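What follows is a short report on a single structure.
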Amino acid sequence: MMLYKTTYKNDKIKEEINQVVGAPFSLMQKIRMGRIGSGRMILAQVSPKYYKNINTLNDLKYVNIELRPKGILVHLYQSLERYSWPIPFYQLSFFDSNLFSIHANGNFIKVKKDSRYESNLAFIQQILKIRKQAIASV
């Protein structure tokens, strides 16, 4: 999967992302599900393939996760730039060690395990539950 630069609206990129992970949930679906997005987490590391996109300046880089019908959309923020990484459920893996990492298709991002991460644990558990159901129904 690609890392898309989504700082500015681009209908072609939006359509490509929607094909991979599905269109955003409707307002009623969001209300029923309760939470479809994580809070901000601090980015610690990215895979070498994505490193060239994420500037190496010392400013903080943030990550948040958006739940979609067929996967998740990981948003990476640096200064005023935003990148989005669509990951379908069948490629998604989480690893929990000193850093929390999201892996798919040979690429990864790692976030710091601080209070921001701790506040998102329930949402991450929700993603795992939905992922399990989605894979089982295929």
Side-chain angles (χ1 to χ4, degrees):
M1 292 291 119
M2 287 186 65
L3 188 65
Y4 295 97
K5 186 172 183 177
T6 55
T7 307
Y8 303 104
K9 185 176 178 179
N10 182 323
D11 290 333
K12 182 181 177 193
I13 291 174
K14 181 181 172 182
E15 184 59 36
E16 287 179 26
I17 290 172
N18 289 348
Q19 287 177 356
V20 175
V21 292
F25 288 106
S26 70
L27 179 61
M28 290 306 294
Q29 289 172 317
K30 289 177 186 178
I31 292 170
R32 259 186 265 128
M33 294 176 78
R35 187 172 179 189
I36 58 111
S38 73
R40 289 192 325 177
M41 297 177 277
I42 297 175
L43 181 65
Q45 209 175 9
V46 295
S47 61
K49 182 178 178 181
Y50 294 156
Y51 192 76
K52 66 181 185 312
N53 296 96
I54 304 299
N55 194 349
T56 58
L57 296 174
N58 289 333
D59 58 345
L60 282 177
K61 297 158 191 74
Y62 294 101
V63 174
N64 74 341
I65 304 168
E66 177 186 346
L67 183 60
R68 292 286 185 99
K70 299 188 297 185
I72 63 170
L73 190 56
V74 179
H75 298 288
L76 298 102
Y77 299 90
Q78 177 187 293
S79 299
L80 301 174
E81 302 291 322
R82 180 175 79 178
Y83 296 89
S84 298
W85 181 24
I87 306 172
F89 284 131
Y90 67 89
Q91 291 181 349
L92 177 64
S93 294
F94 291 132
F95 293 97
D96 197 9
S97 61
N98 293 338
L99 298 170
F100 174 72
S101 60
I102 302 170
H103 291 252
N105 209 24
N107 297 303
F108 66 86
I109 63 158
K110 295 181 180 185
V111 298
K112 292 184 179 180
K113 289 177 73 174
D114 57 4
S115 61
R116 294 170 191 254
Y117 165 77
E118 298 294 328
S119 67
N120 289 305
L121 276 177
F123 178 68
I124 292 167
Q125 293 299 323
Q126 179 185 358
I127 291 172
L128 290 171
K129 181 180 172 186
I130 293 170
R131 176 187 177 271
K132 185 176 179 179
Q133 292 170 349
I135 291 175
S137 67
V138 172

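No experiment lies behind these values; they were computed from the predicted model shown. The chain is numbered in sequence order, starting from 1. The basis for the numbers below is simple: all heavy atoms, side chains too, and nothing from hydrogens, waters or symmetry mates.
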Without swapping roles, check the side chain of [X] against the backbone of [Y] for a donor-acceptor pair under 3.5 Å.
| X | Y | answer |
| --- | --- | --- |
| Q29 | S26 | yes |
| N120 | R116 | yes |
| K5 | E81 | no |
| T7 | R82 | yes |

Listed by chain and number, what are the ring-ring contact (aromatic ring centres under 6.0 Å, His included) partners of Y77, not counting sequence neighbours?
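Y77: no ring-ring contact (aromatic ring centres under 6.0 Å, His included) contacts found.
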Sorted by chain and residue number, the ring-ring contact (aromatic ring centres under 6.0 Å, His included) partners of Y62 (sequence neighbours excluded) come out as none
Residues pairing under ring pair (Phe, Tyr, Trp, His ring centres under 6.0 Å) where one sits in residues 110-138, two or more places apart or in two chains, turn out to be F100-Y117
For residues 4-45, the ring pair (Phe, Tyr, Trp, His ring centres under 6.0 Å) pairs (sequence neighbours left out) are none
From [atom1] ([X]) to [atom2] ([Y]), nearest 0.5 Å:
| X | Y | atom1 | atom2 | result |
| --- | --- | --- | --- | --- |
| L92 | I135 | CG | CD1 | 8.0 Å |
| W85 | I87 | CH2 | CD1 | 4.0 Å |
| N107 | I102 | CG | CD1 | 12.5 Å |
| Q19 | E15 | CD | CD | 5.0 Å |
| E66 | I127 | CD | CD1 | 10.5 Å |
| S93 | N105 | OG | CG | 10.5 Å |

Nearest non-hydrogen partners of [X] and [Y], listed with the distance:
| X | Y | result |
| --- | --- | --- |
| P86 | V20 | CB-CG1, 4.0 Å |
| A23 | P69 | O-CD, 3.1 Å |
| H75 | S84 | ND1-OG, 2.8 Å |

Enclosure of K70 NZ (heavy-atom neighbours >12, cutoff 6.0 Å):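 Yes, NZ of K70 has more than 12 neighbouring heavy atoms, counting only those of other groups under 6.0 Å.
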Check your understanding: Are K113 and D96 close enough, and set up right, to give a side-chain contact (heavy atoms from CB on, under 4.5 Å), and what steps lead you there?
Key -> CA-CA 9 Å; K113 289 177 73 174; D96 197 9; 2.7 Å; yes
| request: Assess whether side-chain contact (heavy atoms from CB on, under 4.5 Å) is satisfied between M33 and I130, documenting all intermediate values. | output: CA-CA 11 Å; M33 294 176 78; I130 293 170; 3.8 Å; yes
Let me check something: do [X] and [Y] share a hydrophobic cluster, defined by ILVMFWY side-chain heavy atoms less than 4.5 Å apart, either directly or through other members?
| X | Y | result |
| --- | --- | --- |
| L43 | L121 | yes |
| L128 | L99 | no |
| F108 | V63 | no |

* Could you walk me through whether M41 and I65 pass the side-chain contact (heavy atoms from CB on, under 4.5 Å) check? -> CA-CA 9 Å; M41 297 177 277; I65 304 168; 3.8 Å; yes
Legend entry - Check: L3 and V46 side chains under 4.5 Å, non-hydrogen atoms: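 No, side chains not in contact.
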Exercise. Mind checking whether L67 and S38 have side chains closer than 4.5 Å, heavy atoms only?
Worked result: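 No, too far: nothing below the 4.5 Å cut-off.
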- Item | Contacts of K132 that satisfy side-chain contact (heavy atoms from CB on, under 4.5 Å) - sequence neighbours left out |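 So K132 forms no side-chain contact (heavy atoms from CB on, under 4.5 Å) with any residue.
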Under the criterion side-chain contact (heavy atoms from CB on, under 4.5 Å), I'd like the reasoning laid out for I31 against L27: C-alpha separation, chi angles, the key distance, then a yes or no. CA-CA 6 Å; I31 292 170; L27 179 61; 4.1 Å; yes
The remaining residues in the hydrophobic cluster of F95, counting side-chain heavy-atom contacts under 4.5 Å among Ile, Leu, Val, Met, Phe, Trp and Tyr, are none
